[in-house]
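Chain letters run A, B, ... following the sequence lines, proteins first, then strands; residues in each count from 1. None of these values were measured; they are calculated from a predicted model.
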Amino acid sequence: MIRKLIGATAFALALGVAGADAQIPDLSKYPDWSGQWRRPPGLGIQFDQTKPLGRGQQAPLTAEYQAIYEAGLADQAAGGQGTDPTYRCIPFGMPRMTSAIFPFEFLIQPHTTFILSDYNMPRRIHTDGRDFPAEFEPNFAGYSIGQWIDTDGDGKYDELRIETRGMRGPRSFEASGIPLHEDNETIVKERFYLDKNDKNVIYDEITTFDNALTRPWVVTKKYIRQVGPVVWFEQNCSEDNHQVLIGKENYFLGGDGLLMPTKKNQAPPDLKYFNLPRR
Amino acid sequence: MFCRSLMAAATLAMSIAGAGAQAPDLSKYPDWSGQWRKFPGQGNQWDQAKPSGTRQEAPLTPEYQKIYEANLQDQKEGGQGIDPTGFCIPFGMPRMMTAVFPFDFVITPQTTYFISDYNMPRRIYTDGRDWPKEREPNFTGYSIGKWVDSDGDGKYDVLEAETRFIKGPRVFEGSGIPLHEDSATVIKERFYQDKENKDTLYIGITTIDNALTRPWTVTKKFRRDHKPIWYTYNCSEDNHHVVIGQENYFLSADGQLMPTKKNQQPPDLRYFK
């Protein structure tokens, strides 16, 4: 599954990321972003938190991708899934995973900052000074390089800047299906920082560069630290997923496990590979 | 489906998140940094010392031995048997410790994280908490650990963990060696480095389960990789297995349904006009 990752290997090697003689990490310069972070109460799962999901997002799509989006919305209105691929348990990927449908936490190590949730695979943000590898097999979360910044010169880091490349598709910004370009040349730049007046609020300023967009799309997401009870609970999309794609059609598995149409007058799947009539 | 009565767990976990937490003192903890993986040539069987399948000599009760044999027959005929992972159900505990994909640790005084790019993160709580009275089970379970200084040198060198509240269906390995459907499994683990070679890690795993006649103990061995590459795996992206009714079918290259067994009936299409 892993293809030509020589570049990534060489960088990791040169920087000695993993080593038997690695030292105990000194975390005194890093901010305290511990704990569980969530969307503010009452907030939906739209991409730009300040606007409603769907057309109300006013995504700066090119004419071509606006047409794709409109077709996806029409398909959703008819009972389909449109251009949102996650119904098949395809991961959200970047940048949609920043919508934090499920809570997340940061694990800050000098060489890597992990963003862990109980829904997405771990996101690794490499902060060891490496450059992007010359070649990299794309994945949904992409390849993230970060840099810690001491913005106020007090000797401690207070901002994490990240650039992410190497994403694979299909991906959409949100459940309404706002699409990213199929060329997957997306670049996402982020800036994580705590609110100066409330250390239980963190912001992620996200700028998405993508060929489906007429200009970089900038949104700032806000998350709240859970200072009371913290519960982590693993979510598994596949466990009870009733959506199934057969051929080019999306069907639904009913309560009895049998196939059902998702649209009016939808044709049943082609059974050409079966040589026996159903008894 | 999300979170049910988790108040007890929530209360116990309160101490983890704190806006005023200090930079942790990690000087007493071992250096388990880097990427850990199976040794070259090592398969995905449960007991690394034995071949996969019946030669694992799993100490199954007669009832579960029968279930296992029926599963092997189903696999022989083209089915998946009782291995649920063909449908992207997580490995769960203890199977996830086979480390089909590499993993790393992040150690904090409160929690040791077991992170791979295939499974959801596993948290082993080492903050002294007790078991929650109520807990919604999940595939990874709920793990409580304790650091041990086994040689009295003032530094921890062994992590002992116990895991409960695991949901099913789960099996030990791809051949379908089953765990009991009551999901009352308890797993006890001991993580420690080789004293002579710090690039070798052992995990002693004892599974206590009602499908077994006795606790089943295996020791897994992993090597540290100094050239780490991390790569996210997503089971659902290209999974061709689909269950319709009680039958397992396969999606062919053109996306259409195919039988997985000889003379398998096509699915019931009663809901289509």
Relative to chain B, which segment of [X] carries a heavy atom at a distance below 4.5 Å: side chain, backbone, both, or neither?
X        : value
A:Gln109 : side chain
A:Tyr119 : backbone
A:Ile90  : both
A:Leu271 : side chain
A:Leu258 : both

Please test A:Lys248 against B:Asp254 for salt bridge (charged side-chain N to carboxylate O under 4.0 Å, His left out), starting from the C-alpha separation and ending with a verdict.
CA-CA 9 Å; A:Lys248 295 193 179 310; B:Asp254 62 0; over 6 Å; no

Looking at A:Lys272, A:Glu249, A:Arg168, which has the largest count of heavy-atom pairs under 4.5 Å with chain B?
A:Arg168

Closest contact, heavy atoms only, [X] versus [Y]:
X        : Y        : value
A:Asn236 : B:Phe139 : ND2-CE1, 4.3 Å
A:Leu245 : B:Leu251 : O-CD1, 3.6 Å
A:Cys89  : B:Asn234 : O-OD1, 3.7 Å
A:Arg88  : B:Ser236 : O-CB, 3.5 Å
B:Tyr271 : A:Asp256 : OH-OD2, 2.5 Å
B:Ser116 : A:Pro122 : O-CG, 3.2 Å

Salt bridge A:Glu234-B:Arg122, side-chain N to carboxylate O under 4.0 Å
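No.
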
If you measure from the Lys or Arg side-chain nitrogens to the Asp or Glu carboxylate oxygens, is any gap between B:Asp104 and A:Arg124 under 4.0 Å?
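Salt bridge present between B:Asp104 and A:Arg124.
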
Tell me, side chain or backbone of B:Lys167 under 4.5 Å from chain A's heavy atoms, or both, or neither?
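When you check distances to chain A, only side chain atoms of B:Lys167 fall under 4.5 Å.
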
Given heavy-atom pairs under 4.5 angstrom as the criterion, report whether the side chain, backbone, both or neither of B:Ser252 touches chain A.
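When you check distances to chain A, only side chain atoms of B:Ser252 fall under 4.5 Å.
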
Roughly how far, to the nearest 0.5 Å, is the OH atom of B:Tyr231 from the CE atom of A:Met121?
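Reported value, rounded in 0.5 Å steps: 13.0 Å.
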
Supply the atom-to-atom distance A:Leu107 CG to B:Ile107 CD1, rounded to the nearest 0.5 angstrom.
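Result: 12.0 Å between the selected atoms.
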
Hey, does the side chain of A:Tyr273 reach the backbone of B:Phe250 with a donor-acceptor pair shorter than 3.5 angstrom?
no

Return the set of residues passing ring pair (Phe, Tyr, Trp, His ring centres under 6.0 Å) with A:Phe140 (not counting sequence neighbours), or none when no residue passes.
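Per chain and number, A:Phe140 pairs via ring pair (Phe, Tyr, Trp, His ring centres under 6.0 Å) with no residue.
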
Step through it carefully: locate the ring centre of B:Tyr249, locate the ring centre of A:Phe274, and say whether they are under 6.0 Å apart.
yes

Compute the centroid of each ring, for A:Tyr251 and then for B:Phe272, and state whether the two points are separated by less than 6.0 Å.
yes

Side-chain donor-acceptor contact under 3.5 Å, A:Glu105 with B:Tyr113:
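A donor-acceptor contact under 3.5 Å links the two side chains.
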
Can you sort out the partners of B:Val100 under side-chain contact (heavy atoms from CB on, under 4.5 Å), two or more places apart, ordered by chain and number?
B:Asn44, B:Phe91, B:Thr98

